[in-house]
Each structure stands twice: as C-alpha cells, then as structure tokens.
Amino acid sequence: DEFPQFWNVIKGDMSLVGPRPERQFYINQIAAIEPQFLELNSVRPGITSWGQVKYGYAENVEQMLQRMKYDLLYLKNISLAVDFKIMLYTILIIFKGKGK
C-alpha cells in the first residue's frame, strides 16, 4: 500500500518523515476551521509523521484537526533527531501491530 509513496520519496516529491498529505477536499474544510493547517504545506509530505505516530489514522475533519496539533509541533521542532525518533516509533508500531 505504501510502495507508491516510496517511489515518490525517491523522486523527491515526498519525504520519509513529514506531515501526511490530505486530499484537497479535506484541506479546504480544515483550513476554513483552522487556517494554521496550511503551515503543514511548508514542508514535503511524508510517509510517516508525528501526528500519524501519536494520533494514528484520522477518518474525519475533527480527527484531522486533532492530528494536526502533533504535526504542527513537529514543524516547530523539526530536526534529524526527531525524524529518526519518528521512524523508530513507526517501526515499533508496525512490528507490534498497534497502529490505528
């Protein structure tokens, strides 16, 4: 399922770590409620993110707003060390099978 995204990482369109991309339909709704969401577009989208690790999959706008808080925190503290921490958590979640 994530394999096409790895191709996008190789092409340079995506990063391993960064806020998960949303569909334009949801971006419009979220930005209308919380314009700060658009700050997530300042970096390349990622296969995994702090929001994905800490919150999990978001099914609706309300959940996306909750996950956004973690992604904005990531933007304020972006570093290679944080990226490695997120990748480690992602691997642990995959192996434990506890992802949402």
Side-chain angles (χ1 to χ4, degrees):
D1 181 359
E2 303 295 328
F3 184 73
Q5 292 183 28
F6 279 112
W7 177 248
N8 287 327
V9 170
I10 292 168
K11 287 185 351 184
D13 295 336
M14 287 183 76
S15 178
L16 284 176
V17 177
R20 292 285 294 173
E22 295 294 348
R23 291 174 285 184
Q24 193 63 48
F25 173 77
Y26 288 113
I27 291 172
N28 295 339
Q29 291 181 50
I30 297 166
I33 298 167
E34 185 58 66
Q36 197 174 18
F37 178 81
L38 297 176
E39 289 180 30
L40 299 179
N41 293 330
S42 66
V43 296
R44 277 191 215 134
I47 293 176
T48 189
S49 71
W50 195 237
Q52 194 72 19
V53 167
K54 295 303 255 178
Y55 187 83
Y57 181 74
E59 298 176 359
N60 56 50
V61 172
E62 184 178 313
Q63 292 176 353
M64 290 174 188
L65 286 166
Q66 292 300 314
R67 187 178 67 196
M68 173 194 72
K69 294 174 186 177
Y70 294 104
D71 287 331
L72 289 172
L73 184 65
Y74 168 75
L75 286 184
K76 291 180 176 139
N77 297 288
I78 198 166
S79 71
L80 192 56
V82 172
D83 285 359
F84 281 127
K85 184 176 182 178
I86 292 170
M87 286 189 281
L88 177 64
Y89 276 110
T90 301
I91 291 168
L92 291 174
I93 288 169
I94 290 169
F95 283 120
K96 289 182 179 180
K98 294 191 178 196
K100 174 180 160 187

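All values below were derived from every heavy atom in this structure, side-chain atoms included, with hydrogens, water molecules and symmetry-related copies excluded. Sequence positions, counted from 1, serve as the residue numbers for this chain.
With a 4.5 Å cut-off on side-chain heavy atoms, Gln52 and Thr90 do not count as touching. Between Ile27 and Leu38, the closest side-chain pair of non-hydrogen atoms falls below 4.5 Å. In this structure, Gln5 and Val9 have side chains that are not in contact, with every pair of non-hydrogen atoms separated by 4.5 Å or more.
Note that the CH2 atom of Trp7 and the CD1 atom of Ile10 stand 6.0 Å from one another [nearest 0.5 Å]. Of the inter-residue distances, the one linking Ile30 atom CD1 with Leu40 atom CG reads 9.0 Å to the nearest 0.5 angstrom. Summarising the geometry, atom CZ belonging to Phe84 is positioned 9.5 Å from atom CG belonging to Leu16; distances are rounded to the nearest 0.5 Å. A distance of 8.5 Å separates CZ in Phe37 from CG in Leu72, rounded to the nearest 0.5 Å. The OH atom of Tyr89 lies 15.0 Å from the CD1 atom of Ile94; values are rounded to the nearest 0.5 Å. The distance from the CD1 atom of Ile86 to the CD1 atom of Ile93 is 10.5 Å, given to the nearest 0.5 Å.
Remark: Glu62 engages no residue in a side chain to side chain donor-acceptor pair (under 3.5 Å) (not counting sequence neighbours). For Ser42, the side-chain contact (heavy atoms from CB on, under 4.5 Å) partners two or more places apart in sequence, or in a different chain, are Leu75. Annotation: side-chain contact (heavy atoms from CB on, under 4.5 Å) contacts of Lys54 (sequence neighbours excluded): Trp50, Tyr70. Applying the side chain to side chain donor-acceptor pair (under 3.5 Å) rule to Asn77 yields no partners; only residues at least two apart in sequence or on another chain are considered. For Ser15, the side chain to side chain donor-acceptor pair (under 3.5 Å) criterion is met by no residue, not counting sequence neighbours. In this structure, the side-chain contact (heavy atoms from CB on, under 4.5 Å) partners of Ile33, at least two apart in sequence or on a different chain, are Val61, Leu65.
Residues Gln63 and Glu59 share a closest heavy-atom pair of OE1-N, 2.6 Å. Annotation for Gly46 and Pro21: closest pair O-CD, 3.8 Å, computed over non-hydrogen atoms. The two residues Gln66 and Tyr55 come nearest to each other via the heavy atoms CB-CE1, 3.7 Å. In this structure, Ser49 and Gly18 approach most closely via the heavy-atom pair CB-O, 3.0 Å. Here the closest heavy-atom approach between residue Arg44 and residue Gly12 is recorded as NE-O, 3.2 Å.
Note on Ile91: it does not cluster hydrophobically with Tyr57, by side-chain heavy-atom contacts below 4.5 Å among ILVMFWY residues. Both Val82 and Ile78 are assigned to one and the same hydrophobic cluster, defined by single-linkage of ILVMFWY side chains at heavy-atom distances under 4.5 Å. Linking ILVMFWY side-chain heavy atoms closer than 4.5 Å, directly or via other members, places Met68 and Leu73 in a single hydrophobic cluster. A single hydrophobic cluster is not seen to contain both Leu92 and Tyr74; linkage of ILVMFWY side chains at heavy-atom distances under 4.5 Å, directly or through other members, places them apart. Hydrophobic clustering of Ile, Leu, Val, Met, Phe, Trp and Tyr side chains at less than 4.5 Å, counting indirect connections, unites Phe6 with Met87.
Sequence neighbours left out, the pairs with a member in residues 8-35 that pass salt bridge (Lys or Arg N to Asp or Glu O under 4.0 Å) are Glu2-Arg20, Lys11-Asp13, Glu22-Arg67. Within the structure, no pair that satisfies the salt bridge (Lys or Arg N to Asp or Glu O under 4.0 Å) test touches residues 73-87, not counting sequence neighbours.
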